[in-house]
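Have a look at the structure below before the remarks.
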Amino acid sequence: IDSEVVQFQILSDDASKMVFLREDRTLEFHARFGKYYTTRLPKHCRDMMYDYCSCDLMCVGSSSSIYRLNLEKGTFMKPFASSCPSINTCGIDPSHRLYVFGGSDGIVEFWDPRVKKPIAFLDVTP
């Protein structure tokens, strides 16, 4: 690994496949034998999540765009557009499969992946 790892995600049940989000805007994919593939992201990202059902790896960070890389097709999909100026964190609710994005402005967005847009907002600013 050539630069600092910001985040990593395990892609398989046995942890034989992993992806690392590096500080230099690079996603680095590893298999059991080592480094497999690298690709560059359009902007700096702070967090990522993997949706096992759709095979989408989503990266968020210094912009309002939610970058989606479909690992089944091997291509970047059209990014989602958040209302937050930048996004600090992301996650998936395991029981409902809702995507959750925490913005730098204190707004948490809840997205339904079936409609590909936010369905609810929560303001957590003090």
Side-chain angles (χ1 to χ4, degrees):
I1 296 180
D2 299 328
S3 67
E4 183 178 343
V5 173
V6 176
Q7 183 62 276
F8 75 95
Q9 190 76 43
I10 297 172
L11 302 174
S12 62
D13 292 334
D14 62 353
S16 63
K17 297 176 186 170
M18 302 174 81
V19 61
F20 297 94
L21 174 62
R22 296 187 343 202
E23 193 175 59
D24 63 352
R25 294 180 21 205
T26 303
L27 287 173
E28 188 171 300
F29 294 86
H30 283 249
R32 189 175 305 259
F33 56 83
K35 185 163 108 172
Y36 177 71
Y37 183 74
T38 59
T39 189
R40 189 119 163 124
L41 291 165
K43 300 239 180 186
H44 285 280
C45 291
R46 299 181 184 120
D47 200 7
M48 68 178 169
M49 65 181 181
Y50 180 61
D51 184 358
Y52 289 93
C53 296
S54 67
C55 296
D56 281 349
L57 180 69
M58 286 170 249
C59 300
V60 298
S62 61
S63 71
S64 62
S65 296
I66 301 163
Y67 299 106
R68 301 183 306 142
L69 175 62
N70 186 283
L71 300 183
E72 187 174 45
K73 295 178 184 175
T75 61
F76 278 99
M77 309 300 283
K78 181 180 177 187
F80 292 153
S82 171
S83 62
C84 301
S86 64
I87 305 169
N88 291 333
T89 189
C90 58
I92 300 175
D93 178 18
S95 59
H96 300 103
R97 282 202 59 246
L98 292 178
Y99 299 159
V100 182
F101 301 102
S104 61
D105 57 353
I107 302 293
V108 178
E109 295 182 349
F110 299 89
W111 288 59
D112 187 341
R114 297 169 295 180
V115 294
K116 299 181 173 135
K117 62 182 182 181
I119 57 169
F121 300 92
L122 179 64
D123 188 354
V124 295
T125 55

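Computed from a prediction, not measured in an experiment: that's the story for all the values here.
- Residue P42 comes nearest to Y67 through the heavy atom pair CG-CE2, 3.6 Å, listed as atom of the first residue, atom of the second, then distance.
- We find the CZ-OG1 distance between R40 and T26 to be 5.0 Å, quoted to the nearest 0.5 Å.
- For D123, the side-chain contact (heavy atoms from CB on, under 4.5 Å) partners two or more places apart in sequence, or in a different chain, are I107, T125.
- V19 is not listed as a side-chain neighbour of Y37, based on a closest heavy-atom distance of 4.5 Å or more.
- In this structure a side-chain-to-backbone donor-acceptor pair under 3.5 Å is present from R25 to L41.
- In plain terms, the two heavy atoms of S83 and F121 that are nearest each other are OG-CE2, 3.7 Å.
- To the nearest 0.5 Å, atoms OG1 (T38) and CZ (F29) are separated by 9.5 Å.
- Note that CD1 of I87 and SG of C45 are 9.0 Å apart. Values are rounded to the nearest 0.5 Å.
- In terms of the side-chain contact (heavy atoms from CB on, under 4.5 Å) criterion, residue partners of S104 (sequence neighbours excluded) are, by chain and number, P85, S86, N88.
- Each of M49, R46, Q7 was evaluated against C90; a single residue qualifies, M49, per the side-chain contact (heavy atoms from CB on, under 4.5 Å) test.
- The CD atom of E28 sits 4.5 Å away from atom CZ of R22, with the distance rounded to the nearest 0.5 Å.
- In this structure, S62 has no side-chain hydrogen bond (donor to acceptor under 3.5 Å, both in side chains) partners at least two apart in sequence or on a different chain.
- In the hydrophobic cluster analysis, where Ile, Leu, Val, Met, Phe, Trp and Tyr join through side-chain heavy atoms closer than 4.5 angstrom, L21 is grouped together with L57.
- Heavy-atom neighbours of D93 CG from other residues, nucleotides or ligands within 6.0 Å: above the threshold of 12.
- Scanning for side-chain contact (heavy atoms from CB on, under 4.5 Å) contacts around V100 gives V108, F110, with sequence neighbours left out.
- In this structure, the side-chain contact (heavy atoms from CB on, under 4.5 Å) partners of D112, at least two apart in sequence or on a different chain, are L98, R114, V115, I119.
- The side-chain heavy atoms of F101 and T89, taken from C-beta on, include no pair separated by under 4.5 Å.
- Heavy atoms only, all atoms of each residue included: L11 and M18 are closest at CD1-C, 4.2 Å.
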Name each donor-acceptor pair under 3.5 Å that joins a side chain in residues 73-82 to protein atoms two or more places apart or in another chain, with its distance.
unit_1 : atom_1 : unit_2 : atom_2 : d
S82    : OG     : C84    : N      : 3.1
S82    : OG     : E109   : OE1    : 2.9
S82    : OG     : E109   : OE2    : 3.1

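- With sequence neighbours left out, the ring pair (Phe, Tyr, Trp, His ring centres under 6.0 Å) criterion links Y52 to Y50.
- Pairs engaging residues 55-70 under the salt bridge (charged side-chain N to carboxylate O under 4.0 Å, His left out) rule: D56-R68 [sequence neighbours left out].
- Residues satisfying the salt bridge (Lys or Arg N to Asp or Glu O under 4.0 Å) criterion with D47, sequence neighbours excluded, are absent altogether.
- Distance check: H30 NE2 to K35 NZ gives 7.0 Å after rounding to the nearest 0.5 Å.
- Listed by chain and number, the residues in a side-chain hydrogen bond (donor to acceptor under 3.5 Å, both in side chains) with D51 are S54, R97, Y99 (sequence neighbours excluded).
- The hydrophobic cluster containing V5 does not contain L27, counting ILVMFWY residues as joined when their side-chain heavy atoms lie under 4.5 angstrom apart, directly or transitively.
- Scanning for side-chain hydrogen bond (donor to acceptor under 3.5 Å, both in side chains) contacts around S12 gives D14, S16, with sequence neighbours left out.
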